[in-house]
Every structure is written in structure tokens, then in C-alpha cells.
Amino acid sequence: MINKFVASPEAALADVPNGATILIHGFGNAGMPAELIDALIAQGARELTIVNNNAGNADTGLAALIGAKRVRKILCSFPRQADSWHFDRLYRAGEIELELVPQGTLAERIRAAGAGIGAFFTPTAYGTKLAEGKETRRIGERDYVLEYPIHADYALIKADRADRWGNLTYRKTARNFGPLMAMAAKCTVVQVRETVELGEIDPEHVVTPGIFVHRIVRVPASLKRAA
Amino acid sequence: MINKFVASPEAALADVPNGATILIHGFGNAGMPAELIDALIAQGARELTIVNNNAGNADTGLAALIGAKRVRKILCSFPRQADSWHFDRLYRAGEIELELVPQGTLAERIRAAGAGIGAFFTPTAYGTKLAEGKETRRIGERDYVLEYPIHADYALIKADRADRWGNLTYRKTARNFGPLMAMAAKCTVVQVRETVELGEIDPEHVVTPGIFVHRIVRVPASLKRAA
Amino acid sequence: MKKLDRKQLAARVARDIPEGAYVNLGIGLPTLVADFLPKGREIILHSENGVLGIGPKPAPGEEDEDLINAGKEPVTLLTGGAYFHHADSFGMIRGRHLDFAVLGAFQVSARGDLANWHTGAPDAIPAVGGAMDLAVGAKKVLVMMEHLTKSGESKIVERCSYPLTAARCVDRIYTDLAVIDVKPDGLHVVDIVDGLDFQELQRLTGVPLKKPLIAA
Amino acid sequence: MKKLDRKQLAARVARDIPEGAYVNLGIGLPTLVADFLPKGREIILHSENGVLGIGPKPAPGEEDEDLINAGKEPVTLLTGGAYFHHADSFGMIRGRHLDFAVLGAFQVSARGDLANWHTGAPDAIPAVGGAMDLAVGAKKVLVMMEHLTKSGESKIVERCSYPLTAARCVDRIYTDLAVIDVKPDGLHVVDIVDGLDFQELQRLTGVPLKKPLIAA
């Protein structure tokens, strides 16, 4: 019997090695897998490359991972926020590498990894600092920049519901990067609010099919930290 | 008030010019917008370029459009079927041009058009007849072929439900190319089994958001031909 | 002259958004446009983080941390709205499905180059978000900004000194002093605030302007 | 010797598909494998046209024209299945998410090249479907075919004479005579049908074979 449920965030992340590339779901706090990140901090892996839209807020979640100096490099679209002090401090000290990627290009590069696309031409960032040194091409009447996929070892995702095959639904704008990141990692680890019996998710409403999901941990909303 | 409903298939397709490129949804009969195709035949536009996974079955729908000699060129992955006699006859007579595209490349080229991607490298067809003359590149450990988007003037789609903003759901494997084609055309025309009030489609369950849809015609199942 | 305040500027932009338009409002000043869209006109607001049909701010206590806009502020969803993932969301943007993007700016050049993401200061932490996607993707890019910097320099310039967001992307500029169209043959003034004449607007602006066909 | 019939061949392939595998069964002979998957083993079947979790054929009269497989035959959906669109479906294929694709073949070369889409005959109407995507995308490509053509020639060849579907993609070949692994150092016989010895198999096959470690 296929059963992708695992007992705890700690068990789900026990094998993360130093130097791993990890996609972390979430746009700000919406979709951020806080308990999985806590487990990653506790697990101790270092020299990580992290992919997230942002670079953490305040002192929890991704910000705590960065603050604990576990992150060698981050790929994101919007690191600078009022409360991104952990990232700001390490960035100014030269202790964390930043690859700034336009948000749509970030999403598309993650999708490309999941969908087996080797590279793609996007119009975004053409003629800007963020395309410096990159291959460009005029196709039709638009100019494009060549961008490459972002493959990862792990994806850490927060979804709403999951069944034991790994079919997922999300909640409102907490969907954001989740379905893309789930496709792009060798091992996709998901925390969900609720686990359900097979068949409780209508096959028309599955957002991430189980083929993309490897490990699922239930984190009931009642256990959630006061954010 | 936004209202994308139109009165009839004929009204929805009145402005199709000769020489238009038209995406036609459907994998075999599942998702094929038969009544819209009938209206296109009645409308009379000629020299069409058609994109569909197949090249028509038996004597109705796309096969009838081809049989009526309205199609100059077809892009598809699988034209040859036991009952594709209209296509077969015109193809052997040199009266229809065929661009054979692997199925996944066909889907991805349509998506690329909808998503503003200028071109992409795919591993499919590398080293085969279908990549002859195309640009190739080794990226990492795989070889890729460069493929370009398929932009269209119209998309003809069969969906299950629609509201007046154009939000769509599909039914089972009749989803297939629909959500992709809806993104890739200047004018997306949809026939649906049922029209519903705004809000009846759960925002979590919308498959094609209304931004991609321009005209909707209700074709109740009771009016469907005996297939 | 009567400079427009932030609300008046937002109302001026809102007036130009037609029924049925799909619109992305950038973070900051452009977000204010939502409050001034004419009642009874159905306009569908998009946010990069995967939502179409954004409604008014939630009542206090009704916020949902899973329903936010690109500025990470709590929002509501209109009846008829839809959720989708980031690749679909930016497919809408890059694929030219949005009718309008309304964006803030540091500078706009006479040929429509936009600079709105980075001051270029060596110690600044760069952050781009969806700005570059919106600038290249929307059918029409509308810029909202103050006409002058705090030190009185024109933000409409011959050539942007700040790093570009995208080249030749801006269609129309709304400032607290005027509305100006960016066209292939130059900058065309559409209207000017009361009490300011074309000559004075030209004097304040860094680059040549063309008079409106009907004098303001 | 006891050549395997179509059902026996399908059962032989089915035996090798492990619990939890995601599998695409090609049109024709490979589709038959579904009927022989061991009961109690959960295996999830994928079809190119946007479905995971294909179940048994529907009972007569229970067919749904909107629920078909890639061969356009009516199917059912298992509890736990899911629908999705073609770009996601081929993302699964190209992105190496499928554990196995089971494909028919005209020819397989000694280095694992596959020819299964086109005879190359000048008057043949070419049709490729999802074959090229599956051949390059699945983690393991299993081929099912008769060992010999009707005229007695080996379909395992030094170099394919038919147009290729993909180069160096086949991992294992199941024929009515033997199971053969394609490895970097050549073709390794895994097992042979009763009544056929290695020497005779070698004689029938177009290219050099390596003996199984434990004689069949």
C-alpha cells in the first residue's frame, strides 16, 4: 500500500545533507512551511542553497534558518523587506550570496526543472542589470533572455489537505509556488493542515498530483505558532 | 457588467477571417467542440491553419472541416487513425500540409504562446527525423531541441461549466489541451454544457480563469449529436 | 497650482480604467487606485501571487493570512475570483493577458524606459519582485509618480540614471501635475492640473513635451 | 520452445512493476499489462491525456466519453486518481517523474535506440503521439515486442533501419522469447522461455548477447 505519510517533520528531513539545494514554498508567510523549516534548523544541515520568493521575515521560519547561518546562497525575487533583518545583516557582511531573479522568471525556472525543459527564452529583464552576461535573442518582435531551470534536492511545501498518495490541495493565495516546487525537487516534503482518506479530494480538484510528492507530515492548525 | 456569453456558435465565430490560425481543443472526441466546429464550417472561412492533437475522426467535427477543404495546414501529433479518412485522402493528394509535432512538444508550444515564452529547449525528438533542421544544444547531460510557441487567432474549446466572467471547469480527460489553448489565442471561444452564476464555481476549483476567455456559448448536452 | 494629492492621483488613474479590464496594481501608491475605481464598473484586479478578482480590504478581525496581495497585505476575493499558482500568474503577465499594469517609478525616460526597482546605490539591497515581468508583459503600462523629486528635479528624464526595469515599456505617465502619453514621436501632454500652464509644466519637466490638442 | 503469447508477455512485464510505481502503458500491446498487475500491489497508471490512477475497463454501458486513455479507449478512474491538463501531463513525462514507460517497438538497437513510431515507408502517414516524449522522459523505458518479425528477422538490431523515436533510451526488452537488459557494455539476457537455450536465442537475435549470470 502506498503511504507517503511520515511521523514528524524531523523524520521527513532526517536525510538532508550539507550543501543541499532546497526550494521553500511561500510568498511571505502564506504557504511558508514553518514547522518543516524548524525541523530543518534542528536537523543541522549547513551550506544550503535556498530558493524562496523572499529572504525571510522577522525571526521565524526562513529568517531563522538564515539567522542560524545555514544558508550559503539564496535565490529570490524580493529579499529586502522592513523585517528582513537577518538576511540584511548577513548580506551586508558578505556572508550570504544572493541571486536576484525576477519573480516570474523564478517561477518559470522552477517549473522548467519540473517539466524537463532545458532552458527557455523570457522577455523579462531584457536590457536590465539582471540580464547582464546572459544570452539574449530577438524572436519575432520581442527581445528575450535565456534562462535555465532551478533543480533542487528537496522542496518544503505547506499545503492544505493531502491523501496517502500525495494528492494535494492548497488554500487561497497560499498556493503560490507550491505546485511548481513540488515538481522540481528530487524529494518533495509537504506539511498539511489535514490528512484525508483516498478519494476525499475530488480528482477534478487535485492541484498537485501525488506523483510529485514523496513525504507528508500533518501539522494541525492548532499546533501552529502565534505568527 | 462583464458578460462573455454570446447567443450562438454562429455569433461567436462570425468574424473568423480566411487564413486564420485556430486551436481546436480535444483529444479524439473528448473535449472536441463539435458545435463550434459546425458553426465554423457554416461560417465559411478558408485556408485555415488548424492545431489539434489529431486530424479528425470519421465524418463529423474536425474531420468534416477537413473534408470540406477549409484547412490549408494542420499541426498535430497523431493524424493517422483508423477513421481519419478525410485527412488521409487530402494528405495523399497533397492538398493539406502536415506539421507533425510530438504530443508533449505540441502542448508545451501552445503553453509557451500563452505564457509569453519566446522559445524553449526540449529533450523530446532530439536525434530524430522530427528535429531535422532544428537548432539543438547540449545542456548538462541531456540534448535538447529548440521549439517555438504556437500563437493563434482563435481557440475553440469545449468546457463543462462557465460563469459570465469566463471562469471554466472541464470534465475528466476532456480537460486535455483546453486550459493551454485558452491561453494561446487572441480570441478564445468556449462551448459549455452549463452556464452558472458568478460564484458557483469555487475559486479554488477554477481551471481556466476568465482572463483567458472571450466568448462563451451554451450547448446543452441534450442538443448533442448522437456521436 | 493645485497639485494632486495621493488620493486625487489614484482617482485620476482609476477614471481611465474601463469596464471589464484586467489590471495589476503595483505595490505602494498604485494599490490606492483600487479604492477609487468607479462603482458599478466591473474591473478585475490581478495580483502576482496567484489571484484574480481582488476585493476590498477585509474588516478588522476578518483577515486571512492565506489571502494576501503582492504587497503581503490582507485582501478579500470578489465573487467570481480565482486562485492559481505562480507560473500561471506570470503566464498571464508575460503572455500579454493583463490590460493594464499600474506601477510606481523612480524615473521614466522620454522613450518610455522605466526605472522603478533599484536606486543603484552601492549599499542598497536589490529587490525586484514582479516589476520586470509586469513592465514587459502588460498590454498597457501606466506609471504613477510625483512629477518632481524632493529636491525638485524632474522624474521624467531624457535617459534614466537609475537601473532600468524595462526599456520602452511605459504607455502613460500620471503625475501630481499632469497626464502624459509616451508615443513614438515623444511625450504628449493629455491634461494638466488646474492653475498650471503648459509652459510652466515644460519648464519643470526635464524633456520636451508636446501640447495637448485642446489646451488644458 | 514455448513462446509467450501476448497475455503471457504482458504478465511477464507486470511481474516486474513494483508497488508504488508510476507507469505509462503505451498504446496497443503495452496496454494489456494493466490486466496482469499483481492484485494488492498499488501501481498508479498514467495516461498522456491528463490522468493518473487509471482503473479497469468500464462495464458495458458504463463508458464515459470524457474518460478515455491515450488509445482513446474508455477507462475508469481509481479512488485517489487525478485529472490535469496536457502541459502538466507531459511535464510529468519529460521531467522524469514516471518510473516506467512500457512501449511497443518495431526495432531496438544494441545500444538502446528505439524505433516505434514510423516505418519510414514513403506513402505512410506519420503519427508520433506521445512516443518521443515517453522515450526520453521516463526513468525506465521497457519495450515489449515479438522477438522476430513475421519473416523471421530479429527486431533487436545493431542499428535501427526505421526512423528513431529516441536514441539510447531503452532499459529493458521483453520479447516472446526472452528478457534482455540494455547496458552500457551490451545486451544482457535476464531470462529465456522454457525450451530455448542461450545459443539458439543468440542465433535468432541479430546482435551479440551476454549470458545470464545464472543459466536460464
Q: Start with the C-alpha gap between Arg96(D) and Lys186(A), add the side-chain angles, then the distance that decides, and say whether side-chain contact (heavy atoms from CB on, under 4.5 Å) holds.
A: CA-CA 10 Å; Arg96(D) 294 213 182 286; Lys186(A) 288 187 202 120; over 6 Å; no

What pair of heavy atoms forms the shortest contact from [X] to [Y], and how long is it?
X         : Y        : value
Gly114(A) : His97(D) : O-NE2, 2.7 Å
Glu19(D)  : Ile2(A)  : OE2-N, 3.3 Å
Leu198(A) : Gly80(D) : CG-CA, 3.7 Å
Pro203(A) : Gly81(D) : CB-O, 3.3 Å

I'd like to know whether [atom1] of [X] has more than 12 heavy-atom contacts from other residues, nucleotides or ligands below 6.0 angstrom.
X         : atom1 : answer
Lys7(D)   : NZ    : no
Lys72(D)  : NZ    : yes
Glu146(D) : CD    : no
Lys134(A) : NZ    : yes
Arg159(D) : CZ    : no

(Q) Set out, in order, the CA-CA distance, both residues' side-chain angles and the distance that settles side-chain contact (heavy atoms from CB on, under 4.5 Å) for Leu78(D) and Trp165(A), then state yes or no. (A) CA-CA 12 Å; Leu78(D) 296 181; Trp165(A) 281 10; 4.2 Å; yes

(Q) Working to the nearest 0.5 angstrom, can you tell me the gap between Thr79(D) OG1 and Glu200(A) CD? (A)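 Reported to 0.5 Å precision, the distance equals 11.0 Å.
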
Q: State the OG1-CG distance between Thr208(A) and Asp88(D), to the nearest 0.5 angstrom.
A: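 If we round to the nearest 0.5 Å, Thr208(A):OG1 and Asp88(D):CG are 9.0 Å apart.
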
Q) Of the backbone (N, CA, C, O) and the side chain (C-beta and beyond), which part of Ile93(D) lies under 4.5 Å from a heavy atom of chain A, both, or neither? A)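 Ile93(D) has no heavy atom closer than 4.5 Å to chain A.
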
Q: Go through Met183(A) and Met92(D) one step at a time and tell me if the side-chain contact (heavy atoms from CB on, under 4.5 Å) criterion holds.
A: CA-CA 8 Å; Met183(A) 297 169 67; Met92(D) 290 175 196; over 6 Å; no

Q. Quick one: does Ile211(A)'s side chain get under 4.5 Å of Ile44(D)'s, heavy atoms only?
A.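 Ile211(A) vs Ile44(D): side chains apart.
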
